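The next block holds one structure in the form of structure tokens; read it before the comments.
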Amino acid sequence: AYYRPNNATLVIVGDFPAPEAIALAQKYFGGIPASPSPVPRVTTKEPPQTSRRSVTRSYANSPLPAVLEAFHVPPRFSADQYPLVLASAILSQGPDARLRQSLESGHLALQVIGAGNFTEDPNLLFVGAILTPGHSAADGEKAVNQIIGKMRTAPVEPAELERAWNQTVARLAESRQTDQGLGDQIGEAAVVGHDPALVNEELGRYLRVTAADIERVSREYLTAQHS
């Protein structure tokens with residue numbers, strides 16, 4: 001039901017005459033029949049979370065405690081994705097990130113992690129740490145929440161925002177160095193964002209993010225009721 005040409009997107013990237021590429025696509029794929037009925041779509045929406053959820057697990061073969069927090073975030077290409085990506089970078093990316101400076105430099109954690117999983121539907125942004133011997137997961141959770149709490153109550157520093165811009169723009173540019181990478185991003189914009197032209201707007205969307213935007217999305221999404 002799903003593997004049909006009316007449920008597929010073909011992206012061709014390279015230096016070639018467009019009519020020639022279209023002719024080849026028609027030659028090799030044109031004979032595949034379309035689905036005779038509409039392709040099923042998942043329409044179920046997860047209800048909003050209104051209170052914090054916590055799960056604790058213990059394993060005999062785990063040498064060190066760890067804490068991982070996950071916050072509900074909006075879909076890919078939504079307006080709030082861009083300040084949230086930069087917020088995640090300020091928290092955990094690079095040696096000057098807030099979590100690394102506080103937890104790793106303070107010898108509370110061996111490693112910190114943070115990343116947003118932005119997809120077609122709302123998903124999760126993760127923040128966490130692997131603790132050093134002698135510290136508990138509760139210690140890590142308290143420290144992580146204190147640092148995230150500061151993101152909600154005050155704007156980030158200009159130098160932090162500039163570092164987050166530089167890191168994000170560098171990753172974006174690097175991901176487009178190959179035909180495969182560029183094709184993947186065009187396909188994502190077309191399928192998930194419903195507009196292939198979005199691939200040309202990502203850089204501007206990141207660079208327009210302000211410290212006030214990051215403080216706002218931190219207050220809205222990086223909260224206990226969304227974790």
Side-chain angles (χ1 to χ4, degrees), residues 49-74 76 80-119 122-172 174-175 206 209-227:
Q49 184 174 327
T50 57
S51 61
R52 184 175 182 271
R53 299 173 186 173
S54 178
V55 176
T56 301
R57 292 287 184 269
S58 180
Y59 303 97
N61 60 349
S62 295
L64 294 170
V67 59
L68 182 67
E69 297 203 37
F71 300 92
H72 289 273
V73 291
R76 179 79 168 96
D80 286 346
Q81 174 209 319
Y82 302 93
L84 282 166
V85 168
L86 296 178
S88 178
I90 290 167
L91 282 169
S92 61
Q93 302 300 313
D96 293 316
R98 291 189 177 192
L99 286 171
R100 292 190 65 178
Q101 281 290 305
S102 179
L103 275 65
E104 291 184 2
S105 298
H107 306 292
L108 178 63
L110 290 174
Q111 181 181 2
V112 300
I113 56 174
N117 191 20
F118 294 94
T119 53
N123 210 311
L124 299 170
L125 185 150
F126 298 93
V127 179
I130 300 173
L131 288 308
T132 53
H135 293 100
S136 67
D139 295 332
E141 182 180 4
K142 180 180 178 181
V144 168
N145 284 334
Q146 285 177 341
I147 294 167
I148 293 175
K150 293 178 181 178
M151 300 281 286
R152 296 193 296 263
T153 56
V156 298
E157 297 295 330
E160 291 180 301
L161 180 54
E162 185 174 0
R163 278 197 300 270
W165 275 335
N166 291 341
Q167 292 165 344
T168 304
V169 170
R171 284 196 301 270
L172 187 64
E174 184 179 10
S175 69
Y206 282 117
V209 171
T210 66
D213 292 327
I214 293 174
E215 184 181 356
R216 176 185 58 79
V217 296
S218 297
R219 284 198 308 269
E220 183 171 351
Y221 299 100
L222 306 185
T223 64
Q225 75 179 60
H226 286 125
S227 69

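In this text, all values refer to a predicted model and were calculated from it rather than measured experimentally.
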(request) State, to 0.1 Å, how close V73 and Y221 come at their nearest heavy-atom pair, and which atoms those are. (result) CA-CD2, 4.2 Å
(message) Between D213 and T210 (side chain of the first, backbone of the second, donor and acceptor by atom type, cut-off under 3.5 Å), is there such a pair?
(response) yes
(message) Can you tell me how the ring of Y82 sits relative to the ring of Y206, calling it parallel under 30°, perpendicular over 60° and tilted otherwise?
(response) perpendicular
Taking distance alone, no hydrogens or angles, what donor-acceptor pairs closer than 3.5 Å link side-chain atoms of residues 58-72 to residues at least two apart or in another chain?
residue	atom	partner	partner atom	Å
E69	OE2	N145	ND2	3.3
H72	NE2	Q49	OE1	2.6

(message) Once salt bridge (Lys or Arg N to Asp or Glu O under 4.0 Å) is applied, what residue pairs with a partner in residues 125-151 remain, sequence neighbours excluded?
(response) R52-E141
(request) Check whether any side-chain heavy atom of L222 sits under 4.5 Å from a side-chain heavy atom of L125, and report yes or no. (result) yes
(request) Hey, could you give me the CD1/CD distance between I130 and Q111, rounded to the nearest 0.5 Å? (result) 4.5 Å
(message) On a heavy-atom basis, which atom in A143 and which in L108 lie closest, and how many Å separate them?
(response) CB-CD2, 3.5 Å
(request) Kindly give the heavy-atom pair with the smallest separation between L131 and G140, and that separation in Å. (result) CD1-CA, 3.7 Å
(request) To the nearest 0.5 Å, tell me how far I148 CD1 sits from S227 OG. (result) 8.5 Å
(message) For I113 versus L99, what's the shortest heavy-atom pair and its separation?
(response) O-CD1, 4.5 Å
(message) So, taking the atom named CE in M151 and the one named CG in L91, what distance separates them when rounded to the nearest 0.5 Å?
(response) 4.0 Å
(message) Test: side-chain hydrogen bond (donor to acceptor under 3.5 Å, both in side chains). Region: residues 84-102. Which pairs qualify, not counting sequence neighbours?
(response) R98-E160, R100-E104
(request) Specify the closest pair of heavy atoms between A211 and L161, including all atoms of both residues, with the distance to one decimal. (result) N-CD2, 3.8 Å
(message) To the nearest 0.5 Å, what is the distance between CG on L86 and CD1 on I214?
(response) 5.0 Å
(request) Apply side-chain contact (heavy atoms from CB on, under 4.5 Å) to L103 and I147, showing your working. (result) CA-CA 10 Å; L103 275 65; I147 294 167; 3.3 Å; yes
(request) Considering non-hydrogen atoms only, spot the tightest contact between L84 and P74 and give its length. (result) CD1-CD, 3.6 Å
